[in-house]
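Report on the following structure.
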Amino acid sequence: MAMRSSLRSMAVIPPLDSPEETLRDRLARIVPGIPRRLPPGRVAVLRLYGPIMGAGRTADWIELARHLRESPRVPAVVIDIDSPGGSATASDDLFLSLQRLGAAKPVVASIRGTGASGAYLAAVAPQRIVANPTSIVGSIGVIAAGPRVPRLLDRIGVSVSEHTAGTLKGMNMPWRNETEVEAAKEQELVDALYTAFVGRVATARKLSEDRIRELATGEVWLGTRALELGLVDEIGDIERAIEVAAELAGVPPKSAPVRLRRPFLGRLVDRFATRMASSLVDEIVMRVADRYRT
């Protein structure tokens, strides 16, 4: 009886250390070998790779940014960026999410390879930007593009019947050429998105809008030149970005990558899908799914 009583007392799970502590955390304190998904006190690294689109991966990034903002275990965050940009609206949505994250705790952007267009917009949301010396930075601008195929349809004998209610409801339809009124409206939308992009960059980088407009030609620069232009704060790799974030938070420069848990089927597809196929799908979706791109 004494032995059984002793074993029962050894198996008692200790009480919570804090309201945020989970059952998994409690077990990790008493059972060796149970890993924690994100060790407390470490700089979280959020990887922003590939095109920015209106759903899927971008929605995951935004959801993950919210989790990191609300987690008391995360003292600081590094946004690890290698992206050519993408959807203008999705990029702005991501910017707002990262800006909210940066208001809650130290956040540093690390431009690893490409931080262009909408990805550069995401990079200016954190407090600091660290760029690799040969990274590609910039491409501040907006483009709207789409095919017009009326002559092709004529050649193959295809006609399209169109019925609309609303003067501009048929804008951007590929089976006919656009009217002057539609072209003017299209340019108005592009100009409005461009103005919003320039304003966000100017505010974040503490530069005048006139100065940003001088740089907002759609061109890109290497990281070293971007530093001279005031588009980034310093030259360095991801390790340097982690050091900066840790200094801002007053914690040791240790990091842990984070990602949302995905269903088993999604993980299985990711494991066996080739990089080439993934890149091809990303490019098709980016070009077709959203007309306005930064």
Intermediate values then yes/no, side chain to side chain contact (heavy atoms under 4.5 Å, CB included), V232 and V137: CA-CA 9 Å; V232 304; V137 180; 4.2 Å; yes
Heavy-atom closest contact (V142 atom, F197 atom, distance): CG2-CD1, 4.4 Å
With sequence neighbours excluded, what pairs up with D82 under the side-chain hydrogen bond (donor to acceptor under 3.5 Å, both in side chains) test? none
Does a side-chain heavy-atom distance below 4.5 Å link V160 with L153? yes
Considering non-hydrogen atoms only, spot the tightest contact between S91 and G118 and give its length. OG-CA, 3.3 Å
Scanning both residues in full, the closest heavy-atom pair of A245 with A76 reads O-CB, 3.7 Å
Shortest non-hydrogen separation from P84 to T114 and the atoms involved: CA-CG2, 4.1 Å
Apply side-chain hydrogen bond (donor to acceptor under 3.5 Å, both in side chains) to R47 and list each qualifying residue two or more places apart in sequence or on a separate chain. none
Does the side chain of V190 reach to within under 4.5 Å of the side chain of I143, using non-hydrogen atoms? no
Residues R211 and E214 bridged, charged N to O under 4.0 Å: yes
Measure the shortest side-chain to side-chain distance between R42 and S255 over non-hydrogen atoms and say whether it is less than 4.5 angstrom. no
Do the side chains of M173 and V158 join up, straight or via other hydrophobic residues, at under 4.5 Å, putting them in one cluster? yes
Go through it in stages, so that I can follow the logic: the residues are E182 and K185, the test is salt bridge (charged side-chain N to carboxylate O under 4.0 Å, His left out), and I'd like the CA-CA distance, side-chain angles, deciding distance and then a yes or no. CA-CA 5 Å; E182 289 171 340; K185 180 61 178 179; over 6 Å; no
Apply side chain to side chain contact (heavy atoms under 4.5 Å, CB included) to D191 and list each qualifying residue two or more places apart in sequence or on a separate chain. Q187
Quick one: list whatever passes salt bridge (Lys or Arg N to Asp or Glu O under 4.0 Å) with E219, sequence neighbours left out. none
If the threshold is 4.0 Å, N to carboxylate O, is there a salt bridge linking K254 and E239? no
Residue set satisfying side chain to side chain contact (heavy atoms under 4.5 Å, CB included) with I212, at least two apart, ordered chain then number -> V198, V201, A202, L207
Could you tabulate the donor-acceptor pairs under 3.5 Å formed by side-chain atoms of residues 94-101, not counting sequence neighbours?
none

Side-chain heavy atoms of D60 within contact of L64, under 4.5 Å: no
Sequence neighbours excluded, which residues qualify as side-chain hydrogen bond (donor to acceptor under 3.5 Å, both in side chains) partners of S161? H163
Would you please test I52 and S83 for side chain to side chain contact (heavy atoms under 4.5 Å, CB included) and show each step? CA-CA 8 Å; I52 300 173; S83 167; 3.8 Å; yes
Could you tell me which residues satisfy side-chain hydrogen bond (donor to acceptor under 3.5 Å, both in side chains) with E162, sequence neighbours excluded, listed by chain and number? W175, R176
Throw together a table of side-chain donor-acceptor distances under 3.5 angstrom for residues 120-134, partners on residues two or more places apart or in other chains.
| from | atom 1 | to | atom 2 | distance (Å) |
| --- | --- | --- | --- | --- |
| Y120 | OH | L231 | O | 2.8 |
| Q127 | OE1 | V107 | N | 2.7 |
| Q127 | NE2 | G102 | O | 2.9 |
| Q127 | NE2 | K105 | O | 3.4 |
| R128 | NH2 | E234 | OE2 | 3.2 |
| N132 | ND2 | R112 | O | 3.1 |

For Y194 versus I140, what's the shortest heavy-atom pair and its separation? CE1-O, 4.3 Å
Hey, what else clusters with L222 if you join Ile, Leu, Val, Met, Phe, Trp, Tyr whenever side-chain heavy atoms sit under 4.5 Å? I136, V220
Taken in chain and number order and not counting sequence neighbours, the residues that satisfy salt bridge (Lys or Arg N to Asp or Glu O under 4.0 Å) with R205 are D233
Show the numbers, then the answer: is there a side chain to side chain contact (heavy atoms under 4.5 Å, CB included) between D80 and L46? CA-CA 6 Å; D80 183 10; L46 171 56; over 6 Å; no
A249 and P75 have their tightest heavy-atom pair at CB-O, 3.6 Å
Mind checking what makes side chain to side chain contact (heavy atoms under 4.5 Å, CB included) contact with S159, not counting sequence neighbours? none
For side chain to side chain contact (heavy atoms under 4.5 Å, CB included), just list the numbers for R200 and D92, CA-CA rounded to whole Å, side-chain angles, deciding distance to a tenth of an Å, and then say yes or no. CA-CA 9 Å; R200 294 206 187 282; D92 198 59; 2.5 Å; yes
Under a 4.5 Å cut-off applied to non-hydrogen side-chain atoms, are E243 and R240 in contact? yes
